[in-house]
Amino acid sequence: MTTAAKTATPSRSEAAGQDKTNPIIRFLRVWGTILVILAVAIGFSLASPYFLTVSNLNNIVFSMFTCALLSIGLTYVVAAGSFDLSIGTTVTTASIVCALCIPIVGAPLAIVCALLVSALIGFINGALVTWFRISGIVGTIGVMFLLEGLNQYLTGGYQVAVGYDEVFFRWLGQGRYGMIAVKSGFLFLFFALAYLIANRLRTGHYINAVGDNPLAAYYSGIPVYRWVIVSFVLSALFCGIAGIFLAATSSSAQPTGGAGYLLEAFAAVFLGATILGKGKPHVLGTLLGVFFLYMVSNGMTQFGIDSSARKLFNGFVLLIAVGANAFLNKEELHLKFI
């Protein structure tokens with residue numbers, strides 16, 4: 001085991017053994033968020049006979065696909081101790097590049113091109129934050145504006161259509177096997193990949209070590225800058241995948257297609273950090289956080305609640321989740337203000 005692993009935070013079992021707080025508080029720290037999710041799901045199920053059905057659950061998973069991939073990718077960046085505000089525009093850029101390249105090189109190579117462009121965007125973000133020492137917020141906002149201009153230039157402000165003869169590409173976003181959408185299956189495949197990276201490969205362990213204590217990670221011999229850049233590249237790659245599927249779903253690329261997912265992604269990541277009492281971003285918690293947001297949105301839609309109320313709910317969830325995350329880590333000295 002590396003020195004970095006030894007300097008990491010204690011395991012949950014160790015933390016539980018050291019925790020002298022009230023048992024009820026300890027229980028709520030670990031299971032409180034999950035209990036809230038279950039309570040809301042039961043409430044909607046009792047109020048509507050159409051809520052807890054296979055068809056509706058598939059609709060929720062289908063609709064959360066793009067946000068889930070953005071949020072999973074963002075989890076790596078937040079775990080590394082930074083922020084990425086360019087995720088929405090990266091989705092848009094990837095979908096546009098893919099749609100523009102399909103008539104020229106075909107769908108498979110167009111997908112590769114979109115992923116390469118996404119990885120380049122992630123590398124630029126990581127380089128700005130590390131080598132150029134620019135704040136993650138400021139640097140990625142700058143990249144966001146650059147990408148917005150590039151997207152408008154590439155599209156002229158109009159959608160880029162994908163031909164209906166692209167059967168494979170349309171199958172990615174619109175295919176179904178019975179009641180189950182192909183896209184829903186891919187979501188769990190990508191989640192499994194993200195979980196493997198975060199929990200079974202050294203990539204995830206080093207990213208977490210850097211985010212927990214970059215100075216200790218540096219003195220342990222971990223190349224801190226490299227793993228921060230890797231976190232941004234992973235985030236951008238998941239955004240690129242989301243952009244490809246977004247174009248496949250609508251058979252077109254919109255000049256502002258991914259613009260509305262930023263708040264939801266951050267809300268999901270910070271809400272997910274409270275799940276299982278970890279207090280740190282983790283992939284499983286993020287996926288459950290996205291599911292909770294879209295489950296509530298779906299329930300509100302069934303009852304005819306206005307979309308403005310859903311935005312208010314997302315804002316409250318973000319604030320409450322960040323507050324709960326701070327409570328779970330209140331023993332740590334508060335030194336991160338960016």
Yes or no on side-chain hydrogen bond (donor to acceptor under 3.5 Å, both in side chains) for Thr90 and Ser118, after CA distance, side-chain angles and deciding distance?
CA-CA 7 Å; Thr90 302; Ser118 301; over 6 Å; no
Which atom names give the shortest non-hydrogen contact between Ile244 and Phe169, and what distance separates them?
O-CZ, 3.6 Å
Kindly say whether Ala273 contributes a backbone atom to a donor-acceptor pair with the side chain of His282 at under 3.5 angstrom?
no
Trace of the side-chain hydrogen bond (donor to acceptor under 3.5 Å, both in side chains) decision for Asn59 with Asn298
CA-CA 9 Å; Asn59 288 337; Asn298 178 275; over 6 Å; no
Are there over 12 heavy-atom neighbours, none belonging to Phe303, within less than 6.0 Å of that residue's CZ?
yes
Identify whether Ile241 and Phe62 are in the same connected component of the hydrophobic contact network (ILVMFWY, side-chain heavy atoms under 4.5 Å).
no
Parallel, tilted or perpendicular for Phe191 and Tyr195, by the 30°/60° rule?
tilted
Check whether Val233 and Phe132 end up in the same hydrophobic cluster, where Ile, Leu, Val, Met, Phe, Trp and Tyr are linked by side-chain heavy atoms less than 4.5 Å apart.
yes
With no hydrogens and no angle check, is any side-chain donor or acceptor of Thr53 less than 3.5 Å from a backbone partner on Pro49?
no
What orientation do Tyr177 and Trp171 show, parallel under 30°, tilted 30 to 60°, or perpendicular over 60°?
perpendicular
Flag side-chain contact, heavy atom, 4.5 Å: Val182 against Arg176
no
Hey, mind stepping through Leu293 and Val290 against side-chain contact (heavy atoms from CB on, under 4.5 Å) and telling me if it holds?
CA-CA 5 Å; Leu293 293 177; Val290 176; 5.8 Å; no
Work out which heavy atom in Thr89 is nearest to a heavy atom in Glu148; give both atom names and the distance.
CG2-CG, 3.4 Å
Spell out, yes or no, whether Val112 and Ile102 are grouped together once hydrophobic residues are joined by side-chain heavy atoms under 4.5 Å, including indirect joins.
no
Donor-acceptor contact below 3.5 Å, side chain Ser45 vs main chain Ala41
yes
Looking at Tyr76 and Ile197, would you say the former's side chain and the latter's main chain have a donor-acceptor pair under 3.5 Å?
no
Check whether any side-chain heavy atom of Leu52 sits under 4.5 Å from a side-chain heavy atom of Ile42, and report yes or no.
no
Show your working on side-chain contact (heavy atoms from CB on, under 4.5 Å) between Leu234 and Ile207 and close with a plain yes or no.
CA-CA 11 Å; Leu234 285 171; Ile207 287 174; 4.2 Å; yes
Whether Asn208 side chain and Gly204 backbone form a donor-acceptor pair below 3.5 Å:
yes
Check whether Gln254 reaches the backbone of Thr92 with its side chain - one donor and one acceptor, N or O, closer than 3.5 Å.
no
Do Tyr225 and Val210 have side-chain heavy atoms sitting under 4.5 Å apart?
no
Between Phe83 and the options Val129, Ile137, Asn125, the side chain to side chain contact (heavy atoms under 4.5 Å, CB included) test singles out Ile137
Straight-line distance of Phe65 CZ to Tyr294 OH, nearest 0.5 Å:
12.0 Å
Mind checking whether Phe145 and Leu263 sit in one hydrophobic cluster, side chains of I, L, V, M, F, W, Y counted as touching below 4.5 Å?
yes
Any donor-acceptor pair under 3.5 Å from Ser184 side chain to Ile180 backbone:
no
If we ignore hydrogens and angles and just use 3.5 Å, is the side chain of Gln159 paired with the main-chain N or O of Ser252 as donor and acceptor?
no
May I have the step-by-step check of side-chain contact (heavy atoms from CB on, under 4.5 Å) for Arg170 and Ser251, ending in yes or no?
CA-CA 7 Å; Arg170 290 176 57 211; Ser251 295; 3.8 Å; yes
Minimum heavy-atom distance Ile222-Ala209, with the two atoms named
CD1-CB, 4.1 Å
Would you check if Phe292 and Leu288 make a side-chain contact, meaning some heavy-atom pair closer than 4.5 Å?
no
Any non-hydrogen side-chain atom of Cys239 less than 4.5 Å from a side-chain atom of Leu69?
no
Report the C-alpha distance between Asn151 and Thr93 in whole Å, list the side-chain angles of each, state the deciding distance to 0.1 Å, and finish with yes or no for side-chain hydrogen bond (donor to acceptor under 3.5 Å, both in side chains).
CA-CA 6 Å; Asn151 295 338; Thr93 302; 2.8 Å; yes
Taking the six-membered ring for Trp, is the centroid-to-centroid distance between Phe232 and Phe123 below 6.0 Å?
no
Quick check, are the ring centers of Phe238 and Phe190 under 6.0 angstrom apart?
no
Could you state the interatomic distance from CZ (Arg200) to NE2 (His205), rounded to the nearest 0.5 Å?
7.5 Å
Return the OG1 to CD distance between Thr66 and Glu264, rounded to the nearest 0.5 Å.
10.0 Å
How far apart are the C-alpha atoms of Val78 and Lys280, what are their side-chain angles, what is the distance that settles it, and do they pass the side-chain contact (heavy atoms from CB on, under 4.5 Å) test?
CA-CA 9 Å; Val78 177; Lys280 305 289 183 183; over 6 Å; no
Roughly how far apart are Leu187 CG and Phe291 CZ, rounded to 0.5 Å?
11.0 Å
Is the shortest heavy-atom distance from the side chain of Trp31 to the side chain of Leu276 under 4.5 Å?
yes
From CA spacing to verdict: side-chain hydrogen bond (donor to acceptor under 3.5 Å, both in side chains), Thr286, Ser71:
CA-CA 7 Å; Thr286 295; Ser71 304; over 6 Å; no
Applying a strict under-4.5 Å side-chain criterion to I, L, V, M, F, W and Y, I'd like to know whether Leu38 and Phe313 cluster together.
yes
Distance-minimising heavy-atom pair for Leu115 and Leu237
O-CD2, 3.5 Å
Which distance, rounded to the nearest 0.5 Å, do you find between the CZ of Phe266 and the CG of Leu74?
4.5 Å
Which pair of heavy atoms, one from Phe44 and one from Met295, lies closest together, and at what distance?
CE1-O, 4.3 Å
Is there a donor-acceptor contact under 3.5 Å from the side chain of Thr155 to the main chain of Gly157?
yes
How long is the straight-line distance from OG1 of Thr140 back to CD1 of Ile134, given to the nearest 0.5 Å?
10.5 Å
Specify the closest pair of heavy atoms between Ala110 and Val105, including all atoms of both residues, with the distance to one decimal.
N-CG2, 3.7 Å
